[in-house]
**Student:** 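I'd like to ask you about the structure that follows.
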Amino acid sequence: MVSFANAKINIGLQVLRRREDGYHDLETVFYPLRVYDVLEVVAASETRFIPSGLPIPGEGNDNLCLKAYELLRQAHNLPPVHIYLHKSIPIGAGLGGGSADAAFLLKLINQQFALGLSEPELIAYARRLGADCAFFIRNRPVFATGIGDVFQDVALDLSSYHLVLVKPDIHVATAEAYATVMPNPVGGQLQAAIARPVSAWRDAVVNDFEVGIFEKYPEIARVKALLYEQGALFAAMSGSGSSVYGVFNEQVELAGLDPGYKVFYIDNEQNLRW
Ligand SMILES: C[C@@](CO)(OP(=O)(O)O)[C@H](O)COP(=O)(O)OP(=O)(O)OC[C@H]1O[C@@H](n2ccc(N)nc2=O)[C@H](O)[C@@H]1O
Ligand SMILES: Nc1ncnc2c1ncn2[C@@H]1O[C@H](COP(=O)(O)OP(=O)(O)O)[C@@H](O)[C@H]1O
């Protein structure tokens with residue numbers, strides 16, 4: 001069976017405090033983004049991970065796809081499998097691509113081998129694979145707290161807008177971003193801010209990672225400014241970066257970007273480009 005693992009963007013991200021366990025409590029809104037990896041699982045004589053597309057840093061055997069499979073194999077009678085992953089979600093981009101692959105693989109194996117796992121059981125497995133994984137099990141807009149795995153649904157629908165995602169040629173490691181962010185313990189504003197029209201978000205919806213990451217990588221700040229200059233209602237870095245997204249009323253073709261940057265045009269759902 002084949003599965004399409006979508007990415008996510010963060011709309012606002014406030015880092016509240018560092019926890020005893022070294023993680024950070026945060027407030028953020030996760031929103032699914034129609035940029036996809038492709039997964040396929042096939043029963044085989046031995047387990048193998050077969051990647052294609054964008055090269056993934058690290059060793060194949062520490063890929064989150066294999067970790068997800070191993071987690072289920074330890075508790076369920078699973079055959080050896082070939083796991084094919086075609087990678088096209090930019091990596092180290094603040095898009096949760098690795099976490100998405102792991103969560104969608106849990107769902108795919110559950111379905112393909114009829115494990116009968118409930119949504120809460122899948123969420124519990126996903127939590128063990130990373131702070132961002134659990135979101136992708138239900139995969140709908142949520143206000144997230146805790147380390148990013150405690151959810152409240154939000155009535156946020158951007159389907160009538162055109163989104164543009166820019167991935168500069170910069171890899172930001174999540175741990176690096178958390179190591180440099182200045183926690184801001186006064187939370188509680190994000191849900192009210194995103195309830196306002198998108199055109200009012202510019203000064204009300206903030207990603208705390210931007211200060212440190214923009215200082216270290218000014219070219220990422222320039223992308224955000226360029227999106228606003230070319231008509232974005234709202235623009236922000238996603239998660240720990242390096243990607244920056246813009247929300248537009250109209251379709252745009254961005255000008256002035258470095259040719260090494262990747263650009264994804266995600267049109268509104270009423271007007272898909274074929
Ligand atoms: C920053 C966020 C925002 O959505 O996403 P990305 O920008 O990576 O997509 C997430 O918190 C990333 O979640 P995820 O990428 O799953 O993090 P994990 O693999 O669990 O942890 C990687 C490292 O990030 C740090 N970390 C992660 C989450 C968190 N709430 N506090 C942390 O301090 C820890 O140093 C941890 O060792
Ligand atoms: N299936 C995977 N796809 C992408 N990265 C993966 C995967 N499995 C493990 N990783 C590791 O996770 C790191 C973070 O990947 P990713 O989730 O794309 O970053 P971000 O959360 O910033 O968008 C990568 O540098 C890579 O070493």
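All ligand and atom numbering here is 1-based and tracks the order in the structure. Since the model is a prediction, treat every value here as computed from it, not as a measurement.
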**Student:** Test of understanding: clusters of I, L, V, M, F, W, Y form through side-chain heavy atoms closer than 4.5 Å, transitively. Do Leu71 and Ile137 belong to the same one?
**Tutor:** yes
**Student:** Identify which of Ala144, Ala175, Gly130, Ala100 has a heavy atom lying nearest to atom 35 (O) of ligand 1.
**Tutor:** Ala175
**Student:** Identify the protein heavy atom lying closest to atom 17 (O) of ligand 2, giving its residue, its atom name and the separation to 0.1 Å.
**Tutor:** Gly98 N, 2.9 Å
**Student:** Could you tell me which atoms of ligand 2, counted from 1 in the order shown, lie closer than 4.0 angstrom to a heavy atom of Gly96?
**Tutor:** 17 (O), 20 (P), 21 (O), 23 (O)
**Student:** Examine Leu95 against ligand 2 and note whether any of their N/O atoms are separated by less than 3.5 Å.
**Tutor:** yes
**Student:** Establish whether Val142 and Ile147 are linked, either directly or via other cluster members, by ILVMFWY side-chain heavy-atom contacts under 4.5 Å.
**Tutor:** no
**Student:** Does Val172 reach ligand 1, in the sense of a heavy atom lying below 4.0 Å from it?
**Tutor:** no
**Student:** In ligand 2, which numbered atoms sit nearer than 4.0 Å to a non-hydrogen atom of Gly94?
**Tutor:** 20 (P), 22 (O), 23 (O)
**Student:** Starting from Leu257, can I reach Phe248 by hopping between I/L/V/M/F/W/Y residues whose side chains sit under 4.5 Å apart?
**Tutor:** yes
**Student:** Return the option from Ile83, Asp132, Leu64 holding the heavy atom at the smallest distance from atom 9 (C) of ligand 2.
**Tutor:** Leu64
**Student:** Is there a donor-acceptor contact under 3.5 Å linking the side chains of Gln152 and Gln191?
**Tutor:** yes
**Student:** Which of these, Ile56, Ile89, Thr174, has its nearest heavy atom closest to atom 5 (N) of ligand 2?
**Tutor:** Ile56
**Student:** Is the number of heavy atoms from other residues, nucleotides or ligands within 6.0 Å of CD (Glu59) greater than 12?
**Tutor:** no
**Student:** Looking at ligand 1, would Thr28 count as a contact under a 4.0 Å heavy-atom criterion?
**Tutor:** no
**Student:** For ligand 1, note which part of Tyr23 has a heavy atom under 4.0 Å away: side chain, backbone, both or neither.
**Tutor:** both
**Student:** Specify whether the nearest protein heavy atom to atom 25 (O) of ligand 2 is under 4.0 angstrom away.
**Tutor:** yes
**Student:** Is Leu163 close to Tyr265 at the side-chain level, that is, under 4.5 Å between some pair of heavy atoms?
**Tutor:** no
**Student:** Under 4.0 Å from a heavy atom of Gly239: which atoms of ligand 1 are those, numbered in the order shown and with their elements?
**Tutor:** 7 (O)
**Student:** What do you think, any protein heavy atom under 4.0 angstrom from atom 19 (O) of ligand 1?
**Tutor:** no
**Student:** Below 4.0 angstrom from a heavy atom of Leu26, which ligand 1 atoms are there? Numbered from 1 as shown, please.
**Tutor:** 11 (O), 30 (N)
**Student:** Is a salt bridge present between Lys67 and Glu70, judged by a nitrogen-to-oxygen distance below 4.0 Å?
**Tutor:** no
**Student:** Of the listed options (Leu39, Asn63, Asp62), which comes nearest to atom 7 (C) of ligand 2 when hydrogens are ignored and any heavy atom counts?
**Tutor:** Asn63
**Student:** Can Asp25 and Arg18 be counted as an ion pair, charged N to O under 4.0 angstrom?
**Tutor:** no
**Student:** Suppose we measure from atom 4 (C) of ligand 2 to each protein heavy atom; which comes out shortest, and what is that distance?
**Tutor:** Lys87 NZ, 3.4 Å
**Student:** Identify, for atom 11 (O) of ligand 1, the protein heavy atom at the shortest distance, and state residue, atom and that distance.
**Tutor:** Tyr178 OH, 2.7 Å
**Student:** Given Gly92, Gly97, Ala68, Ser238, identify the one with the heavy atom nearest to atom 19 (O) of ligand 2.
**Tutor:** Gly92
**Student:** Do any nitrogen or oxygen atoms of Ile147 lie less than 3.5 angstrom from nitrogen or oxygen atoms of ligand 1?
**Tutor:** yes
**Student:** Report the C-alpha separation of Val206 and Gln14 in whole Å, then their side-chain angles, then the decisive distance to 0.1 Å, and conclude whether the side-chain contact (heavy atoms from CB on, under 4.5 Å) test is met.
**Tutor:** CA-CA 7 Å; Val206 176; Gln14 191 168 346; over 6 Å; no
**Student:** Of the choices Gly22, Gly146, Ala93, Ala131, which has the non-hydrogen atom that lies closest to atom 17 (O) of ligand 1?
**Tutor:** Ala131
**Student:** Could you see which bit of Ser99 sits under 4.0 Å from ligand 1, with heavy atoms only: side chain, backbone, both or neither?
**Tutor:** side chain
**Student:** Which of the numbered atoms in ligand 1 are below 4.0 angstrom from a heavy atom of Gly94?
**Tutor:** 6 (P), 7 (O), 9 (O)
**Student:** Any idea which atoms of ligand 1 are less than 4.0 Å away from a heavy-atom of Asn10?
**Tutor:** 3 (C), 4 (O)
**Student:** Would you say the side-chain atoms of Asn139 and Asn6 include a donor-acceptor pair closer than 3.5 Å?
**Tutor:** yes
**Student:** Looking at Glu215, I'd like to know if its CD atom is crowded, meaning that more than 12 non-hydrogen atoms belonging to other residues, nucleotides or ligands lie closer than 6.0 Å.
**Tutor:** no
**Student:** Do the side-chain N and O atoms of Asn10 and Thr28 include a donor-acceptor pair separated by under 3.5 angstrom?
**Tutor:** yes
**Student:** With a 4.5 Å cut-off on side-chain heavy-atom distances among I, L, V, M, F, W and Y, is there a chain of contacts connecting Val42 to Ile50?
**Tutor:** yes
**Student:** I need the atoms of ligand 2 closer than 4.0 Å to a non-hydrogen atom of His171, numbered in the order shown.
**Tutor:** 25 (O)
**Student:** Touching ligand 1 at all, Gly148? Heavy atoms, strictly under 4.0 Å?
**Tutor:** no
**Student:** Strictly less than 4.0 Å: does any protein heavy-atom distance to atom 13 (C) of ligand 2 fall in that range?
**Tutor:** no
**Student:** Would you say that Leu105 contacts Leu85 through its side chain, given a criterion of any heavy-atom pair below 4.5 Å between the two side chains?
**Tutor:** no
**Student:** If hydrogens are left out, which of Asp149, Thr174, Val181 has an atom nearest to atom 12 (C) of ligand 1, that is, the closest non-hydrogen atom?
**Tutor:** Thr174
**Student:** Please check if atom CZ in Arg19 has more than 12 non-hydrogen atoms from other residues, nucleotides or ligands closer than 6.0 Å.
**Tutor:** yes
**Student:** I'd like to check Tyr125 versus Asn110 (side-chain heavy atoms, cut-off strictly below 4.5 Å). Are they in contact?
**Tutor:** no
**Student:** What part of Asp25, side chain, backbone, both or neither, has a heavy atom within less than 4.0 angstrom of ligand 1?
**Tutor:** neither
**Student:** Hey, which atoms in ligand 2 end up nearer than 4.0 Å to a heavy atom of Asp101?
**Tutor:** 1 (N), 2 (C), 3 (N)
**Student:** Enumerate the ring pair (Phe, Tyr, Trp, His ring centres under 6.0 Å) contacts for residues 190-211, please, sequence neighbours excluded, ordered by first and then second residue.
**Tutor:** Tyr178-Phe209, Trp201-Phe234
**Student:** By number and element, which atoms of ligand 2 are closer than 4.0 Å to a non-hydrogen atom of Leu85?
**Tutor:** 1 (N)
**Student:** Which ligand 1 atoms does Gly96 reach within 4.0 Å, using its non-hydrogen atoms?
**Tutor:** 9 (O)
**Student:** For Asp169, is there an ion pair with Lys262 - N to carboxylate O distance below 4.0 angstrom?
**Tutor:** no
**Student:** Within ligand 1, which atoms have a heavy atom of Leu95 less than 4.0 Å away?
**Tutor:** 9 (O)
**Student:** Would you say Lys8 contacts ligand 1, with heavy atoms under 4.0 Å as the rule?
**Tutor:** yes
**Student:** Show the atoms of ligand 1 that are less than 4.0 angstrom away from any heavy atom in Phe30.
**Tutor:** 4 (O)
**Student:** When you measure from atom 31 (N) of ligand 1 to every protein heavy atom, which one gives the shortest distance, and what is it?
**Tutor:** His24 N, 3.0 Å
**Student:** Any nitrogen or oxygen of Ser238, main chain or side chain, under 3.5 Å from a nitrogen or oxygen of ligand 1?
**Tutor:** no
**Student:** Can you pull out the closest protein heavy atom to atom 5 (O) of ligand 1? Residue, atom name and distance to 0.1 Å, please.
**Tutor:** Asp132 OD2, 2.8 Å
**Student:** So which of Gly58, Pro55, Pro57 gets nearest to atom 27 (O) of ligand 2, if we judge by its closest heavy atom?
**Tutor:** Pro57
**Student:** When you compare ligand 2 with Ile91, is there at least one nitrogen or oxygen pair between them that comes in under 3.5 angstrom?
**Tutor:** no
**Student:** So, does Gly239 sit close enough to ligand 2 that a heavy atom of it is under 4.0 Å from the ligand?
**Tutor:** no
**Student:** Check whether any side-chain heavy atom of Val35 lies under 4.5 Å from a side-chain heavy atom of Leu95, and answer yes or no.
**Tutor:** no
**Student:** Provide the number and element of each atom of ligand 1 under 4.0 Å from a heavy atom of Leu13.
**Tutor:** 3 (C)
**Student:** Can you confirm whether Asp62 is buried at CG, in the sense that more than 12 heavy atoms of other residues, nucleotides or ligands lie under 6.0 Å from that atom?
**Tutor:** yes
